[in-house]
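Heads up, the thing below is written out as structure tokens.
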Amino acid sequence: MMEISELKDSIERSNWEFPIAVYRDEFFTNRTSVPHYHNEIEIVVALKGDIVVSCNNQDIIVRQGESLIINSDVVHIVKHADYPSSQILCIVFNPVLLYGYKNSSIEEKYVNPIVRSSISYISIPSTGWGEKCFTAYNEVAKHYFAKKNGYEIAVKIMLLDAWLILIRNLSLNLENNITNPNSKTKIVKLAMAFINKNYSSDIDLKDIAHEVGLSSSELCKLFKRHLSESPMQIVLKKRIAAACYYLTYTDEALSSISLKIGFSDANYFAIAFKKHLGMTPSSYRKRSREDIKN
């Protein structure tokens with residue numbers, strides 16, 4: 001079961017013995033993820049319809065059947081609110097699943113050249129070799145969710161299969177996917193790390209700005225430029241996402257949840273929740289539990 005934590009993007013990567021998480025649309029609130037980054041590699045697959053993924057403030061349209069590999073430590077947002085009929089698959093995994101042990105030849109020859117490069121993302125086409133990757137990613141999801149005996153081996157085999165296809169064809173589009181991180185991006189990451197760790201506390205814009213050594217106005221301009229949102233908007237999204245978890249998987253009262261996620265007033269929490277998701281917390285709790293049963 002997914003738990004709210006102080007990880008960079010609040011997604012628990014299953015466990016360190018098998019560090020991978022696979023999820024679909026139901027993970028997102030309002031069909032858009034909170035801006036985040038993490039140490040792992042993320043693969044976003046457009047199962048149906050088109051979606052938009054923003055990587056380091058660059059919007060990439062991922063067409064149906066295409067996939068996008070997002071490198072570690074890249075600030076990104078999965079956005080498909082503008083595509084109401086779209087369906088996506090996300091695979092987030094530690095690259096150790098690919099190379100097995102530190103300093104192995106597989107790590108040095110086939111993983112580090114990508115993970116340690118300045119590449120922010122790699123676009124995978126829907127045809128040719130990309131179609132084979134698409135099939136492999138769907139097989140990863142099938143084995144992950146079924147969890148039959150030996151599913152970990154099956155998942156790893158399909159990840160390796162897709163990675164082999166990728167590295168044999170990467171030269172086809174490598175040059176188009178290189179971006180260089182800068183100091184501004186690092187400041188955004190520092191601010192986001194502070195938000196991820198403290199969103200459930202009584203923090204405000206001044207606290208975040210002080211943490212990264214900027215004025216409140218400078219920080220807001222930076223966030224608007226890189227993430228198209230203000231720091232406090234992201235704080236609110238983090239709180240709402242946490243609330244969705246507690247409403248779905250616990251029986252805690254709304255007053256208790258509101259305090260746990262950083263709202264001092266339960267009424268304000270209910271108003272903010274409805275404004276963000278278009279329904280009351282109680283309605284969301286009922287609907288999400290019905291979705292789980294189905």
Side-chain angles (χ1 to χ4, degrees), residues 4-12 27-40 42 52-60 70-82 92 120-121 179-246 257-278 281:
I4 300 301
S5 69
E6 290 182 357
L7 293 176
K8 291 177 180 176
D9 63 350
S10 78
I11 303 171
E12 184 184 5
F27 176 81
F28 301 105
T29 60
N30 207 25
R31 294 176 61 79
T32 300
S33 70
V34 177
H36 63 286
Y37 69 100
H38 37 69
N39 293 328
E40 298 88 350
E42 179 164 354
V52 175
V53 180
S54 178
C55 292
N56 284 341
N57 201 37
Q58 180 181 357
D59 282 352
I60 306 105
I70 305 170
N71 213 349
S72 61
D73 289 329
V74 173
V75 178
H76 59 280
I77 313 169
V78 178
K79 303 184 288 188
H80 60 145
D82 294 334
V92 187
S120 291
Y121 65 88
T179 59
N180 296 312
N182 54 44
S183 59
K184 299 298 184 183
T185 300
K186 292 178 181 178
I187 292 174
V188 171
K189 287 182 179 179
L190 287 173
M192 286 174 55
F194 180 79
I195 291 172
N196 288 341
K197 186 176 181 180
N198 298 283
Y199 71 89
S200 59
S201 303
D202 185 21
I203 61 171
D204 57 23
L205 181 59
K206 290 183 179 179
D207 296 324
I208 304 170
H210 180 266
E211 177 70 17
V212 296
L214 294 179
S215 68
S216 296
S217 60
E218 287 175 327
L219 183 63
C220 283
K221 290 178 182 177
L222 191 62
F223 265 60
K224 285 289 186 180
R225 186 161 59 248
H226 282 259
L227 302 175
S228 301
E229 294 183 307
S230 72
M232 294 311 295
Q233 284 175 318
I234 293 176
V235 170
L236 176 60
K237 283 189 173 183
K238 294 287 292 184
R239 289 172 174 170
I240 296 298
C244 289
Y245 168 81
Y246 289 119
I257 293 174
S258 64
L259 289 174
K260 185 171 288 187
I261 63 174
F263 288 94
S264 57
D265 185 283
N267 289 328
Y268 176 65
F269 158 60
I271 292 171
F273 190 95
K274 185 174 182 180
K275 183 178 180 180
H276 189 74
L277 291 183

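Each residue takes its place number in the sequence, starting with 1.
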[X] versus [Y], closest heavy-atom pair with distance:
X    : Y    : result
R239 : S201 : NH2-O, 2.9 Å
F223 : S230 : CD2-C, 4.1 Å
V74  : S120 : CG2-O, 3.7 Å
A242 : I261 : CB-CG2, 3.7 Å
F273 : I240 : CA-CD1, 3.8 Å

Exercise. Relative to each other, are the rings of H38 and H76 parallel, tilted or perpendicular (30° and 60° limits)?
Worked result: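 Answer is perpendicular, since the angle exceeds 60°.
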For the [atom1] atom of [X] and the [atom2] atom of [Y], what is their distance to the nearest 0.5 Å?
X    : Y    : atom1 : atom2 : value
Q233 : C220 : CD    : SG    : 9.0 Å
D73  : E40  : CG    : CD    : 9.5 Å
I195 : I203 : CD1   : CD1   : 6.0 Å
I77  : C55  : CD1   : SG    : 9.5 Å

Taking the side chain as everything from C-beta on, heavy atoms only, tell me whether [X] gets closer than 4.5 Å to [Y].
X    : Y    : answer
L222 : V212 : no
M232 : I208 : yes
V75  : K189 : yes
V78  : E42  : yes
V53  : Y121 : no

Exercise. For residues 257-271, which residue pairs qualify under salt bridge (charged side-chain N to carboxylate O under 4.0 Å, His left out), counting only residues two or more places apart or in two chains?
Worked result: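 Sorted pair list: E252-K260.
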Problem set entry | Name of the residue among K224, K238, K237 meeting salt bridge (Lys or Arg N to Asp or Glu O under 4.0 Å) with E229 |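 It is K237; the other options fail the test.
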For this session: Could you tell me which residues satisfy salt bridge (charged side-chain N to carboxylate O under 4.0 Å, His left out) with D59, sequence neighbours excluded, listed by chain and number?
Result: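 D59 satisfies salt bridge (charged side-chain N to carboxylate O under 4.0 Å, His left out) with K79 only.
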For this session: Pick out which of I271, I257, L236, D202 makes a side chain to side chain contact (heavy atoms under 4.5 Å, CB included) with F263.
Result: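 When side chain to side chain contact (heavy atoms under 4.5 Å, CB included) is applied between F263 and each of I271, I257, L236, D202, only L236 qualifies.
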